[in-house]
Amino acid sequence: MTATEISWSRRLAEATPAGRDRTVDAVRALAMAGVVAGHWMVTALVAHPDGGWHQRSPLSSMPWLVPMTWILQTLGLFFFVSGYSVGRGLSRWRGHGRSTASWLVSRVRRLLPPVVMFLGVWVMVRASLSGSPVEPRTAHTVSNLMVSPLWFAGVLVLLLPLTPLVVAAERRFGAAAALGPLAAVAVVDLVRFELWPGLPSEVAYLNVITAWLVPYILGVSLSRGSLDRRWGSPLALGGVLAGAFLILVADYPASMVGVPGDDRSNLAPPSLLVVALALVQIGVARLAWERLAGLMRRRRWWAIVALLNLSAMTVFLWHQSALLVVSAAGHLVLGDPAGLIGAPDGPAWVAARLLWLPVFAAVLALFWLIFRHVEALGAGTSGRGLSPERATGKCPPHGDDYGGRNS
């Protein structure tokens, strides 16, 4: 580690409040890495014979990759740490005598700058593609892939108004409050898969709220001290057993993401199997909590995790755009190299795609450099927060939270 790196990591460590739960930030960083890497591995662009690109999943031709989705589909952990953040933040907000309505407005305002900037760029890209000689199939594929990460912010906005009710339910029932939405997901799955296969999609998409409410409530429970380490084994074991039953007996698809050609998807809308996976991941996280806490006491590891958390929404929104930029450059300069443009039809494609991941990451880092200040605007709406500039000593830190994440 260079002297500059030591100085930067020391300043960041010193600027971090003593009461901040760094382990939660580590879990968020792991969730972010899983989602980004997972999307990069299952997003294949294929040139159609009559021109244009279309998207193809390597899971269609290589089902042996399905276990990868059990590890890299970490959206449940994202909503778990989001629940922790809002549970702790609402408690602090009320503790200062401020209203729940004003807290909700402040949370939404934090999301607006990065989302509005992202949408603005997307609109310009979509308009430029529409007025260019780019084949319509390619324009459609590029547009859809670029905007696809935005759904997470949409679901989070839907969950935020429910937070006061979630906190009240958790105060009364503890972590068992998650059983309500868990049962709702099970009922919807039973109806749409067994009793009424033609169930209108509008009804099935109720699971978008209820499924992600389960890890969200558990996160709120963690923020209130109810979800201690003893929950780790029951959550992990219960999730594993439920998942095995759903795959082996109830005929759920094993992939945790949608696979073209399958008559069911576990993610659109979320199924009971996705909830089971979230329980496993949360249980494993609780079991590994002390080990993660130990790593976070090391300045270098904490610096990496803190930096990712400062710009989590930026990384999430722009990671598919990084893949598209690299793919376009590869198409124009290298003539559709292996692992970038072409059918994902064997181990050679997987090996080649793995070699491209650092390139995707480098371009994503460039997007981070460009847009991270926009996300800092949202965090700064509360008048507090530690920006990367403060962390590196360019201006003094203040407040009790970096990035405004837990306030």
Using only atom types and a distance under 3.5 Å, with no angle test, would you say the side chain of [X] pairs donor to acceptor with the backbone of [Y]?
X      : Y      : value
Trp70  : Ala254 : yes
Asn207 : Ser271 : no
Arg353 : Gly339 : yes
Asn266 : Ser255 : yes
Ser223 : Ser85  : no
His319 : Phe316 : yes

### Message
Run the side chain to side chain contact (heavy atoms under 4.5 Å, CB included) test on Leu72 and Val35 for me, step by step, so that the C-alpha distance in whole Å, both residues' side-chain angles and the decisive distance to 0.1 Å come before the verdict.
### Response
CA-CA 6 Å; Leu72 298 180; Val35 169; over 6 Å; no

### Validation row, ring centre Phe371 to ring centre Phe118 under 6.0 Å
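Aromatic pair excluded; centres sit 6.0 Å or further apart.
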
### Query
What do the steps show when you test Leu160 against Trp103 for side chain to side chain contact (heavy atoms under 4.5 Å, CB included), and what is the final call?
CA-CA 10 Å; Leu160 281 174; Trp103 170 82; 4.1 Å; yes

Is there a donor in the side chain of [X] and an acceptor in the side chain of [Y], or the other way round, less than 3.5 Å apart?
X      : Y      : result
Ser102 : Ser99  : yes
Arg110 : Ser106 : no
Ser221 : Tyr84  : no
Thr74  : Gln281 : no
Ser311 : Trp368 : yes
Gln55  : Thr141 : no
Thr314 : Arg372 : no

Over all atoms of both residues, closest heavy-atom pair of [X] and [Y]:
X      : Y      : value
Ala250 : Arg264 : O-NH1, 3.5 Å
Leu111 : Met313 : CD2-CE, 3.6 Å
Met41  : Pro58  : O-CG, 3.3 Å
Leu227 : Leu218 : CD2-O, 3.7 Å
Ala204 : Leu199 : N-CD2, 4.1 Å
Pro181 : Ile217 : CG-CD1, 3.7 Å

Could you state the interatomic distance from [atom1] ([X]) to [atom2] ([Y]), rounded to the nearest 0.5 Å?
X      : Y      : atom1 : atom2 : value
Arg28  : Leu308 : CZ    : CG    : 10.5 Å
Phe80  : Leu222 : CZ    : CG    : 4.5 Å
Ser143 : Trp122 : OG    : CH2   : 4.5 Å
His96  : Ser91  : NE2   : OG    : 10.0 Å
Ile341 : Ser327 : CD1   : OG    : 4.5 Å
Arg224 : Leu90  : CZ    : CG    : 10.0 Å

### Query
Does a sphere of radius 6.0 Å around CZ in Arg94 hold more than 12 heavy atoms from other residues, nucleotides or ligands, not counting ones at 6.0 Å or beyond?
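Counting other residues, nucleotides and ligands, CZ of Arg94 exceeds 12 neighbours.
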
### Message
If you count heavy atoms of other groups shown closer than 6.0 angstrom to CH2 of Trp356, is the number above 12?
### Response
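More than 12 heavy atoms, drawn from other residues, nucleotides or ligands, come within 6.0 Å of this atom.
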
[X] vs [Y] side-chain heavy atoms within contact, under 4.5 Å:
X      : Y      : result
Val66  : Thr69  : yes
Leu267 : Gln73  : yes
Phe360 : Leu340 : yes
Leu364 : Val315 : yes
Val42  : Met68  : yes
Trp40  : Gln320 : yes
Arg137 : Trp53  : no
Thr210 : Val275 : no

#### Entry: Arg22/Asp25 ion pair, N-O < 4.0 Å
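No.
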
### Message
Could you check whether Glu202 pairs with Arg192 (Lys NZ or Arg NE/NH1/NH2 to Asp/Glu carboxylate O, under 4.0 Å)?
### Response
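Salt bridge flag = no for Arg192 with Glu202.
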
### Message
Is there a side chain to side chain contact (heavy atoms under 4.5 Å, CB included) between Leu45 and Arg56? Walk through the geometry before answering.
### Response
CA-CA 6 Å; Leu45 295 171; Arg56 185 182 299 177; over 6 Å; no

### Identified ring pair (Phe, Tyr, Trp, His ring centres under 6.0 Å) partner of Phe78 from the options Trp212, Tyr216, Phe152
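Of the listed residues Trp212, Tyr216, Phe152, the ring pair (Phe, Tyr, Trp, His ring centres under 6.0 Å) partner of Phe78 is Phe152.
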
### Task
Give the C-alpha distance, both sets of side-chain angles, the deciding distance and a yes or no for side chain to side chain contact (heavy atoms under 4.5 Å, CB included) between Leu150 and Leu119.
CA-CA 9 Å; Leu150 197 59; Leu119 282 174; 3.4 Å; yes

### Query
Between Ser130 and Arg126, does a side-chain hydrogen bond (donor to acceptor under 3.5 Å, both in side chains) hold up when you go through it step by step?
CA-CA 6 Å; Ser130 298; Arg126 190 68 180 91; 3.2 Å; yes

### Within 45° cone and under 6.0 Å: Arg286 NZ/CZ vs Trp231 ring
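No cation-pi geometry.
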
### Query
Looking at Val363, Val36, Val121, which hits side-chain contact (heavy atoms from CB on, under 4.5 Å) with Trp318?
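That would be Val121; it is the only one of Val363, Val36, Val121 passing the side-chain contact (heavy atoms from CB on, under 4.5 Å) with Trp318.
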
